[in-house]
Amino acid sequence: MENIEIAAVLTEMATLLEIQGETNPFRIRAYRNAVYTIQESPDPVRKMVEEGADLTELPAIGKDMASHITELVTTGRLSILEEVSKEIPRSLVQLTKLPGVGPKKVRKLWDELDITTLDDLAAAASAGKIAVLAGFGKKSEEKILEAIERHKKRSGRFRISSADELVQPLIEYMLQDERVERLEVAGSYRRRQETVGDIDLLAIASDAEPVMERFTSYPPVRSVEKSGDTRGTVILSSDLQVDLRILPAESYGSALVYFTGSKEHNVELRKRALQRGLSVSEYGVFELAEEGEGEESTTGRDLGKRVAGATEEEVYASVGLPWITPELRTNRGELEAAANGELPALIEFEDLKGDLQMHSTWSDGKNTIEEMLAACAARGYEYVALTDHSKALAMTGGLDAAKLREQWKEIDEVAARHPEIRFLRSQEVDILADGALDTEDEMLEQLDLVVIAVHSRFDLPAAKQTERLLKAIQHPLANIVAHPTGRIINRRDPMDFALDEVLACAAEHGVAMELNAHPHRLDLRDIDLMAARKRGVKIVISTDAHSIADLDLMPYGVEQARRAWLEPADVLNTLPADDLLSALAKA
DNA sequence: GCCGTTTTCGGCCCGACTGTTTTCAGTCG
């Protein structure tokens with residue numbers, strides 16, 4: 001049982017408790033907090049259980065939660081969940097995923113109409129049985145039907161690169177209105193997460209109403225979900241949801257902090273503020289007033305003087321912290337690090353001196369060797385590695401020994417014409433199903449860099465897959481493992497294998513792990529990168545470009561590295577070529 | 001159900017929008 005599965009079961013448990021009518025909301029929250037801890041854990045919690053580690057050392061895991069997790073890992077079951085589900089059908093959890101439908105409404109639907117599944121709900125709504133329920137109405141019934149329709153075809157979250165494509169034109173459109181004084185995208189987009197669920201736009205506007213109207217009449221808008229004085233929500237024809245919040249200038253910084261999140265980061269920030277007698281909201285940072293003294297907030301606290309709000313810097317400063325870059329705002333210890341003056345000096349795109357994975361027309365790339373090389377030189381790189389596929393990938397025109405020799409001739413000719421950049425001989429060598437490499441040692445010995453990767457048999461049982469990777473990494477000529485987990489975002493899950501063992505082996509044998517910058521891959525993931533770093537495994541960031549245009553995907557990799565707290569010293573292609581090669585040289 | 005510079009009890013982050021309500025509950029982020 002892996003972290004993602006444990007988290008799913010505990011999430012289900014929390015929702016079932018809500019439907020059951022658990023009167024203590026903090027008990028529910030405790031489950032959700034535990035879920036967050038598990039999702040964020042770089043190491044498999046399963047392994048901690050197996051090794052007899054004390055789970056209560058983890059944040060938000062107490063005695064009870066530790067025993068739940070241990071039971072789950074060791075038996076695959078959770079008796080407390082089985083108890084609750086005797087009373088509450090587990091299928092009800094699915095219904096709460098519909099927007100506008102929460103635990104209370106699900107309970108009502110079940111009690112009154114015996115609805116337990118999405119199909120039941122759709123049938124009841126179509127028959128007009130929902131509108132007559134107390135607490136529901138005609139509008140609710142319509143919304144439920146629409147939500148079910150959308151739920152059925154919804155494919156998941158948007159890749160960050162897709163979000164970039166959809167958001168940039170919207171920003172341009174909004175900025176054409178002079179009443180928009182400032183506009184920024186906040187949310188997971190600003191944190192540069194690998195995927196985004198929706199887009200949070202934040203604006204300062206002299207006159208909110210017409211700006212909101214401009215927003216809701218953006219041509220690609222398919223439907224307007226909400227439209228208030230300060231908040232609006234639309235769905236674009238692409239199915240992307242966009243929220244716009246309009247705020248006064250004095251609140252812009254606090255709003256930017258608030259809407260950039262993450263939620264968990266905000267919660268920690270507000271707790272920190274409360275300890276200092278301050279209350280943080282999207283409108284600003286306020287002193288807490290004596291009861292009856294100040295203005296009462298919606299949470300019942302009396303607020304006094306505003307102490308910050310216009311800029312993010314002053315909001316953080318008000319709670320004694322330096323500004324924290326958005327990529328770190330996920331409550332992985334950044335607030336503590338900031339408080340201690342120990343924020344990492346994160347890697348930046350300018351630190352990279354070369355790109356170590358790309359393809360040419362010799363295999364499945366779209367541009368010639370010379371075009372790729374010239375494009376890399378134009379991007380200011382000091383070196384570049386060309387990594388066309390090996391022969392096992394016949395569909396890509398993978399190179400056997402004879403073709404590889406031919407390619408080297410062309411490489412030498414092209415390199416001679418481009419003294420401004422150093423050309424590293426390389427290949428993306430297939431790791432065969434048994435862990436052997438697809439290219440002969442005699443050829444590998446003549447490469448500057450041996451990049452190895454899995455492109456087939458992603459479905460091997462975990463033990464076999466692990467064995468395969470360990471064997472490949474132990475090959476005396478292997479240097480870099482490309483896209484190590486093989487995942488493709490929204491399309492293919494990571495391979496099932498023991499990443500911790502693989503990382504340990506890579507550390508031992510001086511093999512680096514790739515952070516594949518392609519926004520469809522972004523592999524290793526951020527938490528895996530953190531685990532790699534912890535084990536002393538070096539990282540390289542490469543685009544895996546299959547065209548000149550793909551070379552510009554590098555920033556996605558850098559953003560992911562930043563989310564993983566990586567500094568230049570953790571990433572080998574920040575080094576000059578000779579240092580890079582000696583760092584990867586085998587003992 | 002978790003947690004502790006308010007420490008083993010009594011707290012636990014903040015606010016807007018919708019639909020249905022006649023003053024607010026439920027949901028969401």
| said: Are more than 12 heavy atoms, taken from residues, nucleotides or ligands other than A:Glu50, located less than 6.0 Å from that residue's CD atom? | reply: yes
| said: A quick test of your reading: do over 12 heavy atoms of other residues, nucleotides or ligands sit less than 6.0 Å from CD of A:Glu336? | reply: no
Looking at every strand, decide which applies to [X] at a 4.0 Å heavy-atom threshold: base, sugar-phosphate, or nothing.
{"X": "A:Thr233", "result": "nothing"}
{"X": "A:Leu269", "result": "nothing"}
{"X": "A:Lys138", "result": "sugar-phosphate"}
{"X": "A:Pro25", "result": "nothing"}
{"X": "A:Ile80", "result": "sugar-phosphate"}
{"X": "A:Asn33", "result": "nothing"}
{"X": "A:Gly135", "result": "sugar-phosphate"}
{"X": "A:Thr56", "result": "nothing"}

Considering only atom [atom1], compute the distance from [N] to [M] and round it to an integer number of Å.
{"N": "B:dG10", "M": "B:dG15", "atom1": "P", "result": "26 Å"}
{"N": "B:dT27", "M": "B:dT21", "atom1": "P", "result": "15 Å"}
{"N": "B:dT8", "M": "B:dC2", "atom1": "C1'", "result": "12 Å"}
{"N": "B:dC12", "M": "B:dT6", "atom1": "P", "result": "14 Å"}

Is the distance from OP1 or OP2 of [N] to the nearest side-chain N or O of [X] less than 4.0 Å?
{"X": "A:Thr230", "N": "B:dA16", "result": "no"}
{"X": "A:Tyr283", "N": "B:dA16", "result": "yes"}
{"X": "A:Ser140", "N": "B:dT20", "result": "yes"}

| field | A:Arg214 to A:Tyr218 six-membered ring, cation-pi geometry met (6.0 Å, 45°) | value | no
| query | Does any donor atom in the side chain of A:Thr260 or A:Arg190 lie under 3.5 Å from an acceptor atom in the other side chain? | reply | yes
| request: Assess the side chains of A:Asp164 and A:Ser161: does a donor N or O sit below 3.5 Å from an acceptor N or O? | output: no
| query | Restricting to pairs with a member in residues 66-82 of chain A, which pass salt bridge (charged side-chain N to carboxylate O under 4.0 Å, His left out), not counting sequence neighbours? | reply | A:Arg77-A:Glu82
| note | Readout for nucleotides 24-29 of chain B: B = base within 4.0 Å of protein heavy atom, S = sugar-phosphate only, - = neither; 5' to 3' it is --SSSB
| field | Given A:Leu240, A:Leu201, A:Val221, the one that forms side-chain contact (heavy atoms from CB on, under 4.5 Å) with A:Leu170 | value | A:Leu201
| task | May I have the distance from A:Leu244 (atom CG) to B:dC17 (atom P), rounded to whole angstrom? | result | 11 Å
